[in-house]
Amino acid sequence: MALLVHLPGLDQSPWVERFRRALDGYPVYAEGDAVPRSEIRYVFAWKPAPDAFEGLDSLRAIFSLGAGVDALLTHPNLPDVPIVRFVDADMTQSMSDYVIAQVTMHHRLISRYQAHQRAKVWTQLYPPPATAIAVGVMGLGVLGEDAARKLGMLGFTVNGWSRSRKSIDGVETFAGAEAFADFLAATDILVNLLPLTEETQGILNMATFKGLRRGKLPGGPVVVNAARGRHQIEADLVEALKDGTLGAASVDVFEVEPLPKQSPLWALDNCYITPHIAAVSNEANGVRYFSDMLRAHERGAPLTNLVDRERGY
Ligand code: NDP
Ligand code: OXD
């Protein structure tokens, strides 16, 4: 019995050291060590390498460092064992902080004032009241529901869209592909918190941008993408930001990360770029969560926060 930490491209050592302390005697290996692969029962992974699961014949579960599991589910040799994703109150809070920061920045026209500051222009612009601005949250799961509730508390009109119908106090909910156009038509600031699946890939495209409500938010509708880069068609995003279909965008995730130097998004004044930091997995919380899960599972308890492979999230 053993746990394998497999985080290619990341510094594995702080995670390994914390897991060793937390699991106190339970063997923990880092990918790259001399790993007794047939003894591995659990693998803690992020963006697994093609040979990540080779020889793991005793594997009981995969623990995902991230909330999003798209990189795991598209792995060509994914073993048929349960996948547990990371669900954490700090991560949820962090995502809601990011969403609120972007939404309030766009609502209060801070982006416009930045341009004015650069040009040394003193012009008072009057934002509409928050109640007059509708924020539409795509994805009403762990992260989307929290963001939607908190945006409502700030006074925004909040719409939410998910696959199955949800009931959330203060949020007008829309469900399924058939309700998508109505959801967009009632939305000024579109926030993406969907998982990346075959159905959601490329959903932030020109048709979606054109479907947003116009005339309420000075400067035009806004998109905030904090989920996955492949949700957006980047060429469409660039065009929409240039031709006025969108007033602005806040983008945390990109088709290719790090965002290549030659991307036109870097140079667009109305594009607010962050380097995939909206909600970073916290080491202390992650190790506590998965160590507790591993211990409980070894005692016979069921795993929780499992990925549904059929749905793709
Ligand atoms: P959840 O699985 O809890 O929620 C997913 C939501 O999306 C659900 O409401 C689900 O609907 C909805 N959904 C899925 N497919 C569709 C569809 N085809 N049409 C409409 N709605 C759909 O995910 P989380 O909230 O935990 O995380 C969301 C994503 O955020 C992650 O997958 C990840 O990609 C991203 N993320 C980004 C981070 C960053 O730092 N940028 C950090 C953490 C996560 P239903 O409720 O009906 O199932
Ligand atoms: C995640 C992420 O999915 O950080 O957790 O993107």
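None of these values were measured; they are calculated from a predicted model. Every number for a ligand or one of its atoms is a count from 1 in the order of the listing.
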* Asked: Any side-chain donor-acceptor pair under 3.5 Å between Arg41 and Tyr26?
  -> no
* Which of the numbered atoms in ligand 1 are below 4.0 angstrom from a heavy atom of Lys166? -> 45 (P), 46 (O), 47 (O)
* SB check Glu145 Arg149 (cutoff 4.0 Å) -> yes
* Protein contact to atom 10 (C) of ligand 1 [nearest heavy atom, distance to 0.1 Å] -> Tyr313 OH, 3.5 Å
* **Side chain, backbone, both or neither: Ala226 near ligand 1, heavy atoms under 4.0 Å** => backbone
* To do: May I ask you to list the atoms of ligand 2 that are less than 4.0 angstrom from any heavy atom of Met91?
  => 5 (O)
* Any N/O of Ser281 closer than 3.5 Å to an N/O of ligand 2? -> no
* Structure fact -> the protein heavy atom lying closest to atom 7 (O) of ligand 1 turns out to be Pro195 CD, 3.2 Å
* **Per-atom contacts of ligand 1 with Ala67, taking only distances under 4.0 Å to non-hydrogen atoms** => 43 (C), 44 (C)
* Close-contact set for ligand 2 against His276 heavy atoms, below 4.0 Å -> 2 (C), 4 (O), 6 (O)
* Asked: Any nitrogen or oxygen of Leu65, main chain or side chain, under 3.5 Å from a nitrogen or oxygen of ligand 2?
  -> no
* Asked: Side chain, backbone, both or neither: which part of Glu145 comes within less than 4.0 Å of ligand 1 when only heavy atoms are counted?
  -> neither
* Give the residue, atom name and distance (to 0.1 Å) of the protein heavy atom nearest atom 28 (C) of ligand 1. => Leu193 O, 3.4 Å
* Should Met95 be counted as touching ligand 1, given the test is an N or O pair under 3.5 Å? -> no
* Side chain or backbone of Arg163 under 4.0 Å from ligand 1, or both, or neither, by non-hydrogen atoms? -> both
* **Parallel, tilted or perpendicular: ring planes of Phe44 versus Phe19, cut at 30 and 60 degrees** => perpendicular
* **Residue and atom name of the nearest protein heavy atom (relative to atom 1 (C) of ligand 2), distance in Å to one decimal** => Ala67 N, 3.4 Å
* Which ligand 1 atoms are under 4.0 Å away from a heavy-atom of His276? -> 39 (C), 40 (O), 41 (N)
* Asked: What do you reckon, does Leu143 have a nitrogen or oxygen under 3.5 Å from a nitrogen or oxygen of ligand 1?
  -> yes
* So is there a nitrogen or oxygen of Arg85 less than 3.5 Å from a nitrogen or oxygen in ligand 1? -> yes
* Asked: Once the angle between the rings of Phe86 and Phe290 is folded into 0 to 90°, is it parallel (under 30°), tilted (30 to 60°) or perpendicular (over 60°)?
  -> tilted
* Structure fact -> re atom 13 (N) of ligand 1, the protein heavy-atom contact at minimum distance is Leu194 CD2, 3.6 Å
* **Numbering as shown, the atoms of ligand 2 that approach Ala279 to under 4.0 Å (heavy-atom distance)** => 4 (O)
* Reference residue Tyr289; test side-chain hydrogen bond (donor to acceptor under 3.5 Å, both in side chains); the match among Asn282, Thr304, Asn305 -> Asn305
* Is there a nitrogen or oxygen of Val142 sitting under 3.5 Å from a nitrogen or oxygen of ligand 1? -> yes
* N/O of Gly68 under 3.5 Å from N/O of ligand 2, yes or no? -> yes
* Asked: Does some non-hydrogen atom of Arg165 fall short of 4.0 Å from ligand 1?
  -> no
* **Min N/O separation Trp161 to ligand 1 under 3.5 Å** => no
* Identify, by atom number and element, the atoms of ligand 1 in contact range of Ala279, meaning under 4.0 Å from any of its heavy atoms. => 39 (C), 40 (O), 42 (C)
* Asked: Under 3.5 Å, is there a donor-acceptor pair between the Tyr29 and Glu39 side chains?
  -> no
* Do any nitrogen or oxygen atoms of Val253 lie less than 3.5 angstrom from nitrogen or oxygen atoms of ligand 1? -> no
* Plane angle bin for His75 and Phe53 - parallel if under 30°, tilted between 30 and 60°, otherwise perpendicular -> perpendicular
* Structure fact -> Residue, atom and distance of the protein heavy atom nearest atom 9 (O) of ligand 1 read Leu140 N, 2.9 Å
* Asked: Is there a donor in the side chain of Asp97 and an acceptor in the side chain of Ser94, or the other way round, less than 3.5 Å apart?
  -> no
* Asked: atom 4 (O) of ligand 1: which protein heavy atom is closest, and how many Å away?
  -> Gly141 CA, 3.1 Å
* Asked: Is Asp243 atom CG crowded by more than 12 heavy atoms from other residues, nucleotides or ligands, each under 6.0 Å away?
  -> yes
* Asked: At a non-hydrogen distance cut-off of under 4.0 Å, which region of Thr200 contacts ligand 1 (side chain, backbone, both, or neither)?
  -> side chain
* To do: List every atom of ligand 1 that sits less than 4.0 Å from any heavy atom of Asp252, numbering the atoms from 1 in the order shown and giving each element.
  => 39 (C), 40 (O), 41 (N)
* What about Met91: any of its N or O atoms under 3.5 Å from an N or O on ligand 1? -> no
